[in-house]
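Being a predicted model, the structure only gives us computed values, none of them experimental.
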2 protein chains.
Amino acid sequence: MATELQDFLEVIQQVDTFERFQEATVGLRDLLNITHVVYHWVNSVGERFGAGTYSSEWVDRYLEKDYLRMDPVLFGCFQRFTPVNWKQLDWSSKAAKAFFRDALDHGVGNQGYTIPLRGPNGQFALLTLSHNATDDQWERFITRYERDLMIVAHEFNKKALSFDAPGDVQSGPTLSPRETAAITLIAKGFSRGQAAAEMRISEHTLRVYIESARHKLGAMNTTHAVARALSLGLIII
Amino acid sequence: MATELQDFLEVIQQVDTFERFQEATVGLRDLLNITHVVYHWVNSVGERFGAGTYSSEWVDRYLEKDYLRMDPVLFGCFQRFTPVNWKQLDWSSKAAKAFFRDALDHGVGNQGYTIPLRGPNGQFALLTLSHNATDDQWERFITRYERDLMIVAHEFNKKALSFDAPGDVQSGPTLSPRETAAITLIAKGFSRGQAAAEMRISEHTLRVYIESARHKLGAMNTTHAVARALSLGLIII
DNA sequence: ACTTACCTCACCATTTATGGGGAGGGTGAA
DNA sequence: TTCACCCTCCCCATAAATGGTGAGGTAAGT
């Protein structure tokens with residue numbers, strides 16, 4: 001690992017407030033000598049949090065124009081496992097082209113590289129680097145730093161996570177074996193009657209499990225309970 | 001990065017069949033001079049695939065006993081973002097203790113380290129290392145290799161992904177914006193009437209979206225559709 | 001011994017979801 | 001332009017889920 005980035009990991013580990021995230025992104029930008037570094041994070045309750053070097057005008061415009069719903073970077077990363085060079089994305093739609101032009105006008109670089117990382121409970125994070133460079137230059141930059149940046153992204157996430165769920169992991173509700181089995185069957189598309197038959201219990205009993213699980217999960221209805229159980233990783237389908 | 005692992009990345013990149021995964025795990029085990037290396041992967045359609053150095057007896061027993069549903073490692077990793085040292089997990093339950101003893105009896109080491117990684121469409125992968133060592137020795141081992149192993153895990157996943165969706169990323173079903181919005185609201189526990197009010201459309205229209213999404217997702221009912229949409233990463237609640 | 005949680009079963013009335021139709025207007029791509 | 005897909009609205013009858021309340025037995029932990 002490049003020694004300058006080695007040191008930078010220490011900087012991340014000392015982040016203790018949201019504001020420090022901002023400083024850390026600035027630090028990384030200056031270290032790599034590029035135009036922008038942005039860290040974007042969606043926590044387990046769907047709250048978005050961003051820290052980075054984009055101008056506040058661009059951030060406001062991005063939110064105002066609801067670019068979240070058309071940004072090919074965000075969209076591409078939602079469907080991907082691996083980091084992505086922006087050039088590889090699909091910019092063919094009219095909306096995407098307009099968005100890219102708008103971004104350029106607001107100081108975002110013409111090149112970009114984004115690392116997506118996912119956690120349990122729908123946690124989703126992006127570390128984005130942007131710069132003005134030729135395709136070749138950018139390719140070389142990525143080749144040089146991609147592995148280091150992966151580590152940096154993970155360190156950022158570790159910090160973000162520590163803010164999200166301070167303390168224990170095992171805090172959420174737990175389901176009994178029969179409740180888990182019942183909810184899992186329902187999540188697989190079984191009706192109550194089918195699920196009861198599968199579990200060889202009366203439909204009445206199955207209802208008790210579902211209701212019990214629903215209460216534990218604080219869910220409004222069965223569908224909500226299934227969604228929460230899935231999000232919390234309590235069941236696997 | 002340790003040079004021996006540097007070279008190993010090349011080995012991973014040359015994996016071209018499922019069998020080669022097996023060889024790669026053996027290679028990594030010998031390189032690190034530990035007892036076991038296992039790579040476990042759940043693809044976008046829920047199929048499980050494992051490659052590693054565990055004895056076939058243990059693998060068979062694991063499946064036969066349905067340890068998948070009680071393994072604290074698997075369970076812990078589902079709820080976690082970051083790699084986990086097995087010692088940190090909750091082994092207090094009777095089932096977990098019995099499982100651990102059974103694992104020891106089948107040659108699994110007393111120490112372990114597992115890196116969870118998630119992708120879109122519910123893809124979930126684990127890279128597990130296991131060894132017989134004291135807590136201190138294992139701690140030192142992890143401290144030395146954790147960053148390198150993260151890179152290795154990502155390389156494994158890159159390969160696994162290339163087998164999963166050869167070619168296009170856009171393989172699964174997609175939902176229209178309104179369908180996504182409707183399914184998301186239902187997943188959040190809204191009734192059809194509430195969701196329709198929230199979207200400012202008639203309940204009839206909302207039903208059309210739900211039904212349409214249900215058909216696209218090949219789901220038996222609304223709850224199943226929500227579960228599938230969540231698993232596929234099409235919605236976030 | 002006592003409490004807590006789990007598993008199993010039952011009835012009531014009401015609300016909600018589902019499956020099957022049909023129809024018109026919009027937008028974007030081939 | 002035509003085709004496909006999306007958005008919006010409507011009716012009907014039936015099937016399924018929900019909310020509330022109750023009750024008896026087992027198993028584990030304090």
Pairwise side-chain contact, B:Y113 with B:E146, heavy-atom cut-off 4.5 Å (strictly under): yes
Side-chain heavy-atom pair B:N110, B:W138 within 4.5 angstrom cut-off: no
Between protein and nucleic acid, restricted to nucleotides 24-30 of chain D and to nitrogen or oxygen atoms under 3.5 Å apart, what atom pairs and distances do you find?
none

Could you check if a side-chain atom of B:W58 sits within less than 4.5 angstrom of a side-chain atom of B:D102, using non-hydrogen atoms only? yes
Does A:K159, at its NZ atom, have more than 12 non-hydrogen atoms belonging to other residues, nucleotides or ligands within less than 6.0 Å? yes
Which of these passes side-chain contact (heavy atoms from CB on, under 4.5 Å) with A:S130: A:V108, A:V73, A:V38? A:V108
What is the ring orientation for B:W91 with B:F99, classed by angle as parallel under 30°, tilted 30 to 60°, or perpendicular over 60°? parallel
What does the B/S/- profile of nucleotides 4-20 of chain D look like, 5' to 3', with a 4.0 Å heavy-atom cutoff to protein? --SSBBB-B----BBBB
A:N157 and A:Y39: side-chain donor and acceptor closer than 3.5 Å? yes
